[in-house]
Number of protein chains: 4
Amino acid sequence: MAAPESAPAASARTTPDATRRSEKSRRAIYDAALGLVAEVGYAKTTVEGIAARAGVGKQTIYRWWSSKADVLLEAFLDLSEQAAREAGQAPYVIPDTGDVAADLRAVLRATVDQLRDPRFEAPSRALAAEGVVNEQLGRVFVAKLLEPSLRLYVDRLRAAQRAGQVRADVDPRIALELFVSPLAQRWLQYTGPISHEYTDTLVDYALNGLAPR
Amino acid sequence: MAAPESAPAASARTTPDATRRSEKSRRAIYDAALGLVAEVGYAKTTVEGIAARAGVGKQTIYRWWSSKADVLLEAFLDLSEQAAREAGQAPYVIPDTGDVAADLRAVLRATVDQLRDPRFEAPSRALAAEGVVNEQLGRVFVAKLLEPSLRLYVDRLRAAQRAGQVRADVDPRIALELFVSPLAQRWLQYTGPISHEYTDTLVDYALNGLAPR
Amino acid sequence: MAAPESAPAASARTTPDATRRSEKSRRAIYDAALGLVAEVGYAKTTVEGIAARAGVGKQTIYRWWSSKADVLLEAFLDLSEQAAREAGQAPYVIPDTGDVAADLRAVLRATVDQLRDPRFEAPSRALAAEGVVNEQLGRVFVAKLLEPSLRLYVDRLRAAQRAGQVRADVDPRIALELFVSPLAQRWLQYTGPISHEYTDTLVDYALNGLAPR
Amino acid sequence: MAAPESAPAASARTTPDATRRSEKSRRAIYDAALGLVAEVGYAKTTVEGIAARAGVGKQTIYRWWSSKADVLLEAFLDLSEQAAREAGQAPYVIPDTGDVAADLRAVLRATVDQLRDPRFEAPSRALAAEGVVNEQLGRVFVAKLLEPSLRLYVDRLRAAQRAGQVRADVDPRIALELFVSPLAQRWLQYTGPISHEYTDTLVDYALNGLAPR
DNA sequence: GTGTAAGCGAGACGGTACGTCTGGTCTTCAT
DNA sequence: ATGAAGACCAGACGTACCGTCTCGCTTACAC
């Protein structure tokens, strides 16, 4: 009797051959997806609309992705990688000038600026929202996009611990949330305005504590 | 002068008469909406489905609400009020035992417990997600549900300032974010596990600061 | 044994008290119904629309009539009676000048003129159409509106038989259809144009026969 | 000057491609439409019902037809063609035995039988009714279904004229109405019963005239 | 003259169907 | 065999009316 695995197309719907994949279509789909999300928002972006704008058949999308969220996630990952490459030599690290407070202030100010970049705003907000409600996507979003950035904070805080600027007993992964999460929540949930002063204040409070010294 | 038309309302599509509203239908719609969101999730909850489960005509929903999100928001507000009433005498205030650290730990532990209550989880997550992407709803969600709770922290922190347990120069509205936002983000975005130890740690870090004293 | 009729409200849904009926509303409903049918056609005329235009509650319509068709039928009957009263003393009879051919030509010419009166056209066409598909209404329509007119032809043809102008062995009720039905069909089904010449021809063919003499 | 939009179709909502049309769906829709009209009547037949019974999406109906009446008209035309093909060799002509009276009696008797065939009754009555009130449909109904049949009478009457059995000066198109229209009216409007005796009588009256000879 | 019980205007209600839109699948043809 | 195109089944959308059911509010008859 035949091995249960060797059947070419028993259960699965004949996995497509990735080597024949059209790179042009993939790019066009990414561009269309990001463009539509930026222009009309995530909810009004449809697979049909992406296909039409990309000049692609719907099946070409469904062949390679499972859903609108999936397309957008990959498109956004691609955009991020691209942006990272463009950023060039100043890459995946938080500067270490020796003054952890100043360094954190600087990187948070840069984050504030990026959160306001309309190129990123719509898709990242859309993905974050979908991730809230779609746990599977949310975890991928966090793992692929959020955690890599948070890891930089962990590294910088560890260096600060070695330099004696941060208590040795704090868990850096938790510590970073004291200034990152407030910014994230204000951005995501409109719970308050975002500004350089605000993030500066967060760094101050977090490092020095709310209690008097 | 003879008015040719007695119609008073020019633009609106004849606002319904709220005094004749069926309380029974309203309750049935709330229950159906919350039930469906809990069972099949927000995305698969439809107005048609809510109407069917509530034993109500679709028009009765569209007469009083403008969208699925609107129904769910009100349903959840109602649920919250109801829960608050049931909770009884221990209501809208954070206890003040004189030890601000202990008080914050206690209330955050209670919040952790509530976030895990399946009765609240699905609808509040759904509303939060919708609020991320739908600014109008998001602002209502924050104003009606989030801010009232945050205000309690502001009050407690101010008392702590008066008692000399919190620096007089900190802005309580920002300060509270140091322990509230991390919890919120972990819950919303699955960026990490939630536990009593975790929130205890947040309170410690926030009050004492990350820097050595 | 109790009279089977006198029961006040056993099974029925409490028959309304006709003595208290509002004559003003009845008239307003007739006018609204005829007006709407004339303006937007039967299909787009709704009970709701009639009620709104008549300044009347929907229940006032459903209290006295069973359906849109029923309202319109009565409205049209009322209109016909009114028109008949206006027409004055020369009413329900076909003139008898002694020349049956001339008399039939005259009355058919008058019918042609009436069929073209826009005041009658829309409602009578609408009723006729509804009667085609709704047998109950159709029979009432025929009994109340059509048969009384046909009876006049029967009378006139009988007189002609007595005068020796029409074969004694023909059934007048069938004979009249030879000239009435063609006109009716052309009008109802758009199978051909309607004119005085046309009806004159019908009378000629019917009386003299198609076969050579 | 460059065209800002490549969209070729300005007004139309992208006409569907008829070459890709599903023949299976078309047949299923015809069958469902005729079946429903026969079973529950025209008024209670809905597009939704047709789609459901045909196992077809609603859009597939709206893609190819504009309304319920339109579907039914085509379905009925198709049915008629089919019936004609089945009828086979005995086709589109009225027999000519040399005796015009006998021939007309025979064909009218056949018509009576057909009018009572329940397979035809419901849809043709429904279409006729819709045609009364919807002029556009009515004219198509007449042109496609009625006139072709009437033409046969015209041909037969002309032959009778050549044979000297019908007056040379009568217009056959009008003459045929003397026996066809009465039957049509009785059937459509329930103005009287239909039988072979009745149509025999009509032929007699029409050929020989009402006046004594 | 006052009470009571209808009819009334109004319109909310549970429903059905409308005609449209989108999701995801399947089919056809060109490359 | 992939990809563009788009027809297909499915089903939710928000709207329009259906016929029923309260609501107050006039009437008008009975007391």
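Naming: A, B, ... by sequence-line order, numbering from 1 per chain.
- Rounded to whole Å, atom C1' of E/dG9 lies 19 Å from atom CZ of C/R26.
- Shown here are the side chain to side chain donor-acceptor pair (under 3.5 Å) partners of C/S25, two or more places apart in sequence or in another chain: C/S22.
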Strictly under 3.5 Å: I want the nitrogen or oxygen pairs between protein and nucleotides 28-31 of chain F, one per line.
none

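- For D/R26 and D/W65, the positive end is not near the middle of the six-membered ring at less than 6.0 Å and at most 45° from its axis.
- Contacts of B/A128 classified as side-chain contact (heavy atoms from CB on, under 4.5 Å), with partners at least two apart in sequence or in another chain: A/Q189, B/F141, B/L188.
- An OP1 or OP2 oxygen of E/dG19 is reached within less than 4.0 angstrom by no side-chain nitrogen or oxygen of D/W65.
- If you measure from atom NZ of C/K24 to atom C1' of F/dT27, you get 12 Å, rounded to the nearest angstrom.
- Nearer the 5' end of DNA chain F, as judged by each residue's closest nucleotide, is the contact made by A/S22, out of A/S22 and D/E23.
- Residues passing the side chain to side chain donor-acceptor pair (under 3.5 Å) test with A/T46: none are found, sequence neighbours excluded.
- Taking atom CD1 on C/I29 and atom C1' on E/dC8, their separation rounds to 10 Å, with Å as the unit.
- The salt bridge (Lys or Arg N to Asp or Glu O under 4.0 Å) pairs that include a residue from residues 70-79 of chain A are A/R27-A/D78, where partners are two or more places apart or lie in different chains.
- The minimum heavy-atom distance between A/A38 and A/A122, with the atom names listed, is CA-CB, 3.6 Å.
- Rounding to whole angstrom units, CG of residue B/D70 and C1' of F/dC13 are separated by 16 Å.
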For nucleotides 22-24 of chain E, give me every protein contact, N/O to N/O, under 3.5 Å, one pair per line with atom names.
unit_1	atom_1	unit_2	atom_2	d
E/dG23	OP2	A/V47	N	3.3
E/dG23	OP2	A/E48	N	3.4
E/dG24	OP2	A/Y62	OH	3.1
E/dG24	N7	A/K58	NZ	2.9
E/dG24	O6	A/K58	NZ	2.6

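- Atom CD1 in A/I50 sits roughly 14 Å away from atom P in F/dA4 (whole-Å rounding).
- The side-chain contact (heavy atoms from CB on, under 4.5 Å) test applied to C/E39 returns C/R53, not counting sequence neighbours.
- Checked against F/dA7, F/dC9, E/dA12, the side chain of D/D17 finds its nearest nucleotide in F/dA7.
- Using a 4.0 Å cut-off on heavy atoms, none of the residues of residues 122-132 of chain B approach DNA chain F.
- Remark: A/R139 engages A/E135 in a salt bridge (Lys or Arg N to Asp or Glu O under 4.0 Å) (not counting sequence neighbours).
- Contact annotation: A/W64 side-chain N/O to F/dG3 OP1/OP2 distance is under 4.0 Å.
- Computed from coordinates, the A/R63 CZ to F/dA4 C1' distance equals 10 Å when rounded to whole Å.
- At the phosphate of F/dC9, OP1 or OP2 sits under 4.0 Å from a side-chain N or O atom of D/T60.
- In this view, D/K68 satisfies the salt bridge (Lys or Arg N to Asp or Glu O under 4.0 Å) rule with no residue, not counting sequence neighbours.
- Both C/A54 and B/G57 sit near DNA chain E, but only C/A54 has its closest nucleotide nearer the 5' end.
- Partners of D/Q59 according to the side-chain contact (heavy atoms from CB on, under 4.5 Å) rule, which considers only residues two or more places apart in sequence or in another chain, are D/Y62, D/R63.
- The CD1-P distance, from D/I61 to E/dA17, rounds to 14 Å in whole Å.
- Judged as a side chain to side chain donor-acceptor pair (under 3.5 Å), and not counting sequence neighbours, A/Q136 has no contacts.
- Taking for each of C/A52 and B/G55 the nucleotide of DNA chain E with the nearest heavy atom, the 5'-most of the two is the partner of C/A52.
- OP1 or OP2 of E/dG14 lies within a sub-4.0 Å distance of a side-chain N or O belonging to B/S25.
- Taking atom CZ on C/R21 and atom P on E/dC8, their separation rounds to 7 Å, with Å as the unit.
- Using modelled atom types, no side-chain atom of A/T60 and backbone atom of A/V56 make a donor-acceptor pair closer than 3.5 Å.
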